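Quick caveat, the model's predicted, so the values are computed rather than measured. Letters A, B, ... mirror the listed sequences (proteins, then strands); counts begin at 1.
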Amino acid sequence: MPDASRPNAVPAPGGPDKAAETRSLNFIEQIIEADRAAGKHGGRVHTRFPPEPNGYLHIGHAKSICLNFGLAERYGGKFNLRFDDTNPEKEEQEYVDSIIRDVTWLGGRFDSGPHAGGLYYASDYFEQMYAFAEELIRKGKAYVCALTADEVSKRRGTPQIPATSPFRDRPADESLRLFREMREGKHPDGSLTLRARIDLASPNFNLRDPVMYRVLHEPHQHTGDKWCIYPMYDWAHGLEDSLEGITHSICTLEFEDHRPLYDWFIRAINEGRTDDGSGPWGRKIHHPQQIEFAKFRPTYTVLSKRNLLKMVQQGVVKGWDDPRMPTISGLRRRGYTAEALRRACTEVGTTKVESFIDLTRIENAVRDHLNKAAPRGMAVLRPLKVVLENWPEGQTDELDFVVNPEDPAAGTRKVPFSRVLYIERDDFMENPPKKFFRLAPGVEVRLRWAYFVTCTGVVKDAAGNVTEVRCTVDPATRGGDAPDGRKVKGTIHWVSAAHAVEVEARLYDRLFNAEQPGKRTGNYLDDLNPTSLETVRALIEPALAAAKPGDTFQFERLGYFRADEDSQPGRPVFNRTVTLRDTWAKAAGAD
RNA sequence: UGGGGAUUGGUGUAACGGUAGCACGAGUGGCUCUGAACCACUUAGUCUAGGUUCGAAUCCUAGAUCCCCAGCCA
């Protein structure tokens, strides 16, 4: 038993002012600390993130990146980015590039800084893997099988009935010859495989003589046409980890029953090898430890690359980086910050329990971060004209506004005020219900940071719609406070009509209406939210027109918005990241 | 009907035989020039049934429910 002081308590991340806080170790950290206490791997910690470059990274990968990099950071270890590029049929350079971009953006420092372990490609190890494979053949632990994929499938057996292969006892020298011919391109796709001789009767089907190599005459994004045989995941993955000196190989739950295979391959290579390298087979290779954890699964989204790819191909979204996509590129474009994503990943913890994470949790993480970090601005999404009857025509007042009340260092900005303004259509009601604190006939409200105004009447069109609101302004309230100390219940945002800039605002909502898309009908596309994107012509205060792609703001009372890559100089396009919490809408909707 | 995992408030997570705690949400109140933020309080939980023990979320037995596995994908 560990001693009385709680070894499970560690300082939580979050800065020196929070150093007093502690959180418990997750199960992986407990394993690592036990390993270090026992002197395993010489106390080293070396992790890796091993994506296959067959799609863009999504928020589930973000969890894995944060976990792996976080462990390297916490234990003073190293972190590798490694492309698990063993299947050229699905892999592309575009994906390689996007993955490097996304891992870097998220803060996975694989190529610089104290924890950088490097950038690797599994395909760079193909020669070494091939040599190991020949070794297993010579040791009688692998054989070349001539069964077709179909035949293998038919002979797979059942839990009770073992699998079969007529080639299992092919002599080693014959397998060796055929394996070399496979490499030399003398055999067509699918004709031969190299299989591990493990256990055709194993209740774990992964051990029923799994395929190690298949023939595939397909150019590879990284190795070109050098190879026409490619290693399978189970054979390759442990070797990649071993060659890189990975200590803790962290993967997801579905690989749990591959772990015996992971270990079998490394032990098979080490059989006959020695610690000092003496003997016919040489020195033992490093044996990392595979550990599995549960995926990050948010509600209201799909994460499988197959499903994401389908939406891209069918044009359901505009690309892998569409701001509605759960991809890291999409979330970034939407306005999510790396900090918010990292925090969300840490907050939900790491376990083996397959749970759903409320999407609102991720939304709250970005609200929290942006509330502290984002400069404020005013924009009107659905404009309603307001005329101040007692404000002189042509006269402009220039007011100083706080850039961010949460951050005094952010300073102030200038905002023009004049006779004709626009306010949000939702902020006016001709016949308001109780507790409507906004503008209505006879009601006085504050225009944010500016003046008190009182509604004196409305102008309507032939159909009876309000097209204009008439108000009087109290000049003594300049700056937003009344010298006589009188209070108003409501404060609303506004822009000056003569100075506002009209821009495109893209109002994003969740992509799916169901917590688990596809659960109802079996087809996730049946649960698409038809209003996941609404585009409006918004009016913004002039200072905001200078926004450049990537600039993020809080539009007061509306939400957080990020200038999109589609922006033109002086004409930004804004993506709504997330709305502000809106208890009024919730209360009003409940009636 | 084989094998591998999992099960603690609404959600996520802690506890490692000794007071079931934390976060998020939700509710109420306060504060407020954002119906935001912030502050305070409240809410609500050990899958079931037995057993061991002075004492069980934790150990044992039996069961229930859910997830993964029979690609030459990863």
[atom1] atoms of [N] and [M], separation to the nearest Å:
{"N": "rC41(B)", "M": "rC22(B)", "atom1": "P", "value": "11 Å"}
{"N": "rA44(B)", "M": "rG55(B)", "atom1": "P", "value": "28 Å"}
{"N": "rA40(B)", "M": "rC31(B)", "atom1": "P", "value": "15 Å"}
{"N": "rA56(B)", "M": "rA15(B)", "atom1": "C1'", "value": "12 Å"}
{"N": "rA57(B)", "M": "rG63(B)", "atom1": "P", "value": "23 Å"}
{"N": "rU61(B)", "M": "rG45(B)", "atom1": "P", "value": "29 Å"}
{"N": "rU46(B)", "M": "rU65(B)", "atom1": "C1'", "value": "16 Å"}
{"N": "rG12(B)", "M": "rG30(B)", "atom1": "P", "value": "33 Å"}

Can you tell me if Glu52(A) and Tyr95(A) form a side-chain donor-acceptor pair at under 3.5 Å?
->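 The answer is no; no qualifying pair exists.
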
RNA chain B-proximal residues of residues 300-307 of chain A, any heavy atom under 4.0 Å =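 Hits under 4.0 Å, by residue number: none.
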
List, with names and distances, any nitrogen or oxygen atoms from the protein found under 3.5 Å away from nitrogen or oxygen atoms belonging to nucleotides 20-25 of chain B.
residue : atom : partner   : partner atom : Å
rG25(B) : OP1  : Arg581(A) : NH2          : 2.2

Which residues pass the ring-ring contact (aromatic ring centres under 6.0 Å, His included) test with His258(A), sequence neighbours left out?
->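 Scan of His258(A) (ring-ring contact (aromatic ring centres under 6.0 Å, His included), adjacent residues dropped) gives Phe255(A).
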
Excluding sequence neighbours, so at least two apart, what forms ring-ring contact (aromatic ring centres under 6.0 Å, His included) with His222(A)?
->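 By the ring-ring contact (aromatic ring centres under 6.0 Å, His included) rule, His222(A) matches Tyr121(A).
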
Starting from the 5' end of RNA chain B, give me the residue, Glu256(A) or Thr477(A), whose nearest nucleotide shows up first.
->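 Residue closer to the 5' terminus by nearest nucleotide: Glu256(A).
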
Report the distance from atom [atom1] of [X] to atom [atom2] of [N], rounded to the nearest whole Å.
{"X": "Trp264(A)", "N": "rG3(B)", "atom1": "CH2", "atom2": "C1'", "result": "19 Å"}
{"X": "Leu447(A)", "N": "rU34(B)", "atom1": "CG", "atom2": "P", "result": "13 Å"}
{"X": "Leu558(A)", "N": "rG35(B)", "atom1": "CG", "atom2": "P", "result": "10 Å"}
{"X": "Phe553(A)", "N": "rA36(B)", "atom1": "CZ", "atom2": "C1'", "result": "18 Å"}
{"X": "Phe27(A)", "N": "rG5(B)", "atom1": "CZ", "atom2": "C1'", "result": "11 Å"}
{"X": "Glu541(A)", "N": "rU34(B)", "atom1": "CD", "atom2": "P", "result": "16 Å"}
{"X": "Asp407(A)", "N": "rC38(B)", "atom1": "CG", "atom2": "C1'", "result": "16 Å"}
{"X": "Glu29(A)", "N": "rC16(B)", "atom1": "CD", "atom2": "P", "result": "17 Å"}

Arg259(A) (side chain) and rG4(B) (base): donor-acceptor pair under 3.5 Å |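 Per atom types, no contact qualifies.
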
List in chain and number order the residues that pass side chain to side chain donor-acceptor pair (under 3.5 Å) with [X], two or more places apart in sequence or in another chain; answer none if no residue qualifies.
{"X": "Gln160(A)", "answer": "none"}
{"X": "Asp263(A)", "answer": "His287(A)"}
{"X": "Ser496(A)", "answer": "Ser418(A), His499(A)"}
{"X": "Ser64(A)", "answer": "Asn68(A)"}

Intra- and interstrand pairs of RNA chain B - dot-bracket, Watson-Crick/G-U under 3.5 Å, | marks other strand = .((((((..((((....[..))))((((((.......))))))...(((((..]....))))))))))).....

Any base atoms under 4.0 Å from [X], or only sugar-phosphate, or nothing? Heavy atoms, all strands.
{"X": "Arg208(A)", "answer": "nothing"}
{"X": "Pro405(A)", "answer": "base"}
{"X": "Phe401(A)", "answer": "nothing"}

Determine, for Glu424(A) against Arg557(A), whether the closest basic-nitrogen to carboxylate-oxygen distance falls under 4.0 angstrom.
->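 Salt bridge between Glu424(A) and Arg557(A), a charged N being under 4.0 Å from a carboxylate O: no.
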
Between the protein and nucleotides 42-46 of chain B, are there any N/O to N/O pairs under 3.5 Å, and if so, what are the atom names and distances?
none

Pairwise side-chain contact, Phe265(A) with Leu239(A), heavy-atom cut-off 4.5 Å (strictly under) =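 The answer is no; the side chains never approach within 4.5 Å.
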
Using a 4.5 Å cut-off on heavy atoms from C-beta on, say whether the side chain of Tyr560(A) contacts that of Phe553(A).
->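 They are not in contact (no side-chain heavy atoms under 4.5 Å apart), so the answer is no.
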
For [X] and [Y], indicate whether the former's side chain and the latter's backbone hold a donor-acceptor pair under 3.5 Å.
{"X": "Asn404(A)", "Y": "Lys372(A)", "result": "yes"}
{"X": "Thr552(A)", "Y": "Arg562(A)", "result": "no"}
{"X": "Lys63(A)", "Y": "Gly349(A)", "result": "yes"}

Looking at Leu67(A) and Ile250(A), what are the two nearest heavy atoms and their distance?
->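 It is CD1-CG2, 3.8 Å.
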
Start with the C-alpha gap between Asp241(A) and Arg82(A), add the side-chain angles, then the distance that decides, and say whether side-chain contact (heavy atoms from CB on, under 4.5 Å) holds.
-> CA-CA 9 Å; Asp241(A) 287 338; Arg82(A) 178 175 71 227; 2.7 Å; yes

Kindly point out which of [options] is positioned nearest to the side chain of [X]?
{"X": "Arg376(A)", "options": "rA36(B), rU34(B), rA15(B)", "value": "rU34(B)"}
{"X": "Ser355(A)", "options": "rU1(B), rU13(B), rA36(B)", "value": "rU13(B)"}
{"X": "Glu406(A)", "options": "rA36(B), rG35(B), rA6(B)", "value": "rA36(B)"}

What orientation do Tyr524(A) and Phe512(A) show, parallel under 30°, tilted 30 to 60°, or perpendicular over 60°?
->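 Tyr524(A) and Phe512(A): tilted rings.
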
Using the ring of each side chain (for Trp, its six-membered ring), is Trp449(A) parallel, tilted or perpendicular to Phe401(A), with breaks at 30° and 60°?
->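 Rings of Trp449(A) and Phe401(A): tilted, 30 to 60°.
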
Using the purine O4'-C1'-N9-C4 or pyrimidine O4'-C1'-N1-C2 torsion, is rG71(B) syn (within 90° of 0) or anti?
->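 Syn for rG71(B); the angle stays within 90° of 0.
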
Looking at Gln290(A), does any N or O in its side chain come under 4.0 Å of the phosphate oxygens OP1/OP2 on rG4(B)?
->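 Checking Gln290(A) against rG4(B): no side-chain N or O falls below 4.0 Å of OP1 or OP2.
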
On the ring face of Tyr130(A), is Arg183(A) found with NZ or CZ under 6.0 Å from the centre and within 45° of the axis?
->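 Here Arg183(A) passes the 6.0 Å and 45° test against Tyr130(A).
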
Cation-pi, Tyr143(A) ring and Arg195(A) (6.0 angstrom, 45 degrees) |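 No cation-pi geometry.
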
Nucleotide by nucleotide, nucleotides 64-74 of chain B touches protein heavy atoms under 4.0 Å in the pattern (B base, S sugar-phosphate only, - none) ---BSSBSBSB

Say you draw a straight line from CG of Asp199(A) to CH2 of Trp264(A); how long is it, rounded to the nearest 0.5 Å?
->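 Answer rounded to 0.5 Å: 10.5 Å.
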
Distance (rounded to the nearest 0.5 Å) between Thr252(A) OG1 and His61(A) NE2 =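 With rounding to 0.5 Å, OG1 (Thr252(A)) is 8.5 Å from NE2 (His61(A)).
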
Tabulate protein N/O versus nucleotide N/O from nucleotides 29-32 of chain B, keeping only pairs under 3.5 Å, one per line.
none

